Amino acid sequence: MTQANDIRQRRPFARLGAFLSERHGLLRDYFAAISGAGGRLVFSLLYFVALANTLSLADFGLFATASAAGVMLSRILAFGFISALYRTATIRPNLIGTFTAGFVLMGALSLPVLAAASWLTYLLFFAGQMALSIFAVVIVAEALLWRPFEVVIIVNNGQNRFGRAASLTIFGTVMRAVGAVAFALWPTDSLAAWSGFYIAVNAIALIVAVALFYPRQRLRFRPLLYWRRLADSLYVAGAEILFYLQMEFDKLLVLAIGGPQLAGLYAIVMRLVDLTAIPIRTFSMMLVQRMMRAPDMLRSWRARGGIEAGIFAISTGALLSLAVVLHYFPAALGRTVADAAPLVALAVCVPGLRNLIEYQAELLFARGQTLVRALNLALLAGAKAVLLIFVMMNSLDTAAFIWSLNAMFAALYLVSALLTYSALRMPAKPV
């Protein structure tokens, strides 16, 4: 009897051991990748605290909004050909040199479009509030320096070199944090001075990334290969612009309607919300790679529901932990952030819902449904703009505005879930 009982007790441990053994490689890769996310989280927080407490609240709002615009506009670079480069690194790494040449070519061709879109964005949202020269520096830093830096990370992740990608991720965030700390010690705390620091640290990060981390392959131009993937790349570019439009356009609307002060408070709250997405994006990236090879792996509603519940719980728990710290120690992240500390807990559901919307968009990319993804994101961007304007017009004060964001993101999540899971019923598209 004792032996039988011992056997039954050992079986669960045996199953657990077998499960972990079978997934040893996956777990190793995940922890290698998440180490980069953890490092990025720490140094992103340092960067945020140093910068938010050096610039005035209005200047921080202007910079954060211009940076958000730069992130959106950076998706024009190379007309989305980054997606083809990523798929190549994941599935056919021997062609990385060929598709890198295509990325350089497409990047050069996209520059006039990027410049025109940047000029239009400046006229619509920043004219009269920020000097054109400062805005241009921020856009160059985001679109022509940081975005290619991200490409190096993307290619390394595609090759399953998660440790190298994690190191590079940490390095890039460290460079920005160092720039922010150096700026905090600088005798001038103007936005113009910070823009000089910002472009310098982004340039250094890119040079180091390309020199030390990019795969060494000969560049070969094969226009026929690029042409075959141009339609998919354009869909991806459109989807990426729309994705970041619905993710970041709120900052532009808050600046246009509420002014730089409200934009600064909103940027602080949303920056803290965004920090919760860093570990979630690591998980999404690895899931996307697996779905590229097995597009139907999430057929089960149980699996889908479990993943979504986990994302929401982790995101919400992270924000609540931060809110508790700021409740008892409002100046823990500095005097400027202390002004927004009482607002953080009011956005309790925003991180989870926002991260789920981002995760659902990645599922469609993994299955090659790039056109459907672009259409979905266009609908979400329009819905978010309408709902945000409605919320701002009907909120009595800043606290009511932040609290109302929970209902707004809940509505956007329901729309996203309906569109995404309806699309997943269709066959995956090979790319």
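Since the model is a prediction, treat every value here as computed from it, not as a measurement.
Annotation: side chain to side chain donor-acceptor pair (under 3.5 Å) contacts of Asn376 (sequence neighbours excluded): none. Contacts of Thr121 classified as side chain to side chain contact (heavy atoms under 4.5 Å, CB included), with partners at least two apart in sequence or in another chain: Ala69, Leu73, Phe125, Phe126, Phe135. For Tyr359, the ring pair (Phe, Tyr, Trp, His ring centres under 6.0 Å) test picks out no residue, with sequence neighbours left out. Not a single ring pair (Phe, Tyr, Trp, His ring centres under 6.0 Å) links Phe221 to another residue, sequence neighbours left out. Taking the salt bridge (Lys or Arg N to Asp or Glu O under 4.0 Å) definition, one finds that Arg147 meets it with Glu150, sequence neighbours left out. Every residue two or more places apart in sequence or in another chain that forms a side chain to side chain contact (heavy atoms under 4.5 Å, CB included) with Leu124 is listed here: Leu120. In this structure Glu358 satisfies the side chain to side chain contact (heavy atoms under 4.5 Å, CB included) test together with Phe243, Met247, Arg281, sequence neighbours excluded. Not counting sequence neighbours, the partners of Phe63 by the ring pair (Phe, Tyr, Trp, His ring centres under 6.0 Å) test are Trp194, Tyr198. Take Tyr266 and apply the ring pair (Phe, Tyr, Trp, His ring centres under 6.0 Å) test, not counting sequence neighbours, and it matches Phe401.
Contact annotation: the side chain of Thr100 never approaches that of Gln217 to less than 4.5 Å [non-hydrogen atoms, C-beta and beyond]. When side chains are defined from C-beta on, Val155 counts as touching Leu85, because their heavy atoms get closer than 4.5 Å. Counting only heavy atoms from C-beta outward, the side chains of Thr65 and Val254 never approach each other to under 4.5 Å.
Ring-centre distance between Trp186 and Phe183: not below the 6.0 Å cut-off.
Listed by first and then second residue, the salt bridge (Lys or Arg N to Asp or Glu O under 4.0 Å) pairs that reach into residues 130-146 are Glu142-Arg176, sequence neighbours excluded. Among residues at least two apart or in separate chains, there is no salt bridge (Lys or Arg N to Asp or Glu O under 4.0 Å) pair with a member in residues 44-64. Sequence neighbours left out, not one pair with a member in residues 98-110 passes salt bridge (Lys or Arg N to Asp or Glu O under 4.0 Å).
When all heavy atoms are compared, the tightest approach of Leu387 to Met408 is CB-CG, 3.6 Å.
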